[in-house]
Amino acid sequence: DARWMLAAALGRTGDADDAFAQAAATHERMNAAIWTARTRLEWARAIVADDPRRGRDLLALAERSARAAGAPGIVAEAAELVPSSVSPRL
């Protein structure tokens with residue numbers, strides 16, 4: 001569901017974190033690597049400005065999941081989101 005997008009858009013970071021975590025866990029249980037990567041990418045997008053370190057960690061996870069699943073579009077999106085103030089290498 002899109003609870004995480006709504007919570008993030010409303011600036012409700014605690015609610016967004018919970019919803020993202022639940023979605024990522026569900027996708028992992030389903031062995032849905034592309035959905036897991038997409039969820040982590042969007043989670044990172046929601047927090048990277050406020051928490052660059054955590055956002056970078058989520059981007060790295062998203063990038064690894066996307067590479068393993070053969071999803072170059074997600075890999076490219078993750079690379080574009082790397083904050084300029086942190087290491088540009090995932």
Side-chain angles (χ1 to χ4, degrees):
D1 71 55
R3 290 179 300 148
W4 50 268
M5 287 194 305
L6 178 59
L10 294 174
R12 296 170 56 185
T13 55
D15 292 338
D17 266 348
D18 291 345
F20 277 118
Q22 289 174 12
T26 297
H27 298 148
E28 286 174 350
R29 282 193 305 274
M30 294 169 48
N31 292 319
I34 292 175
W35 283 105
T36 301
R38 172 60 63 191
T39 298
R40 288 179 176 149
L41 176 71
E42 297 305 332
W43 193 355
R45 188 186 314 268
I47 68 165
V48 74
D50 294 329
D51 191 345
R53 181 176 174 217
R54 192 162 159 236
R56 183 192 66 225
D57 291 346
L58 285 167
L59 287 170
L61 288 171
E63 189 266 345
R64 281 195 302 271
S65 297
R67 279 192 194 281
I74 296 173
V75 172
E77 285 184 66
E80 290 174 9
L81 285 174
V82 175
S84 60
S85 62
V86 294
S87 172
R89 193 166 176 208
L90 291 176

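Along the sequence shown, residues carry numbers from 1. Given the structure is predicted, the values throughout are model-derived calculations rather than measurements.
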- Message: Tell me whether L81 shares a hydrophobic cluster with I74, the cluster being built from Ile, Leu, Val, Met, Phe, Trp, Tyr side chains joined at under 4.5 Å.
- Response: yes
Nearest non-hydrogen partners of [X] and [Y], listed with the distance:
X	Y	result
L61	R64	CD2-NH2, 3.1 Å
A69	I34	CB-CG1, 3.5 Å
A24	T39	N-CG2, 3.8 Å
S65	T36	OG-CG2, 4.5 Å
A44	L58	CB-CB, 3.8 Å
V75	E63	CG2-O, 4.0 Å

Rounded to the nearest 0.5 Å, what separation is found between the [atom1] atom of [X] and the [atom2] atom of [Y]?
X	Y	atom1	atom2	value
L41	R38	CG	CZ	5.0 Å
R45	E77	CZ	CD	5.5 Å
D17	Q22	CG	CD	11.0 Å

- Message: Please verify the inter-ring angle class for F20 with W43; under 30° counts as parallel, over 60° as perpendicular, anything in between as tilted.
- Response: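 Parallel: the ring planes of F20 and W43 meet at under 30°.
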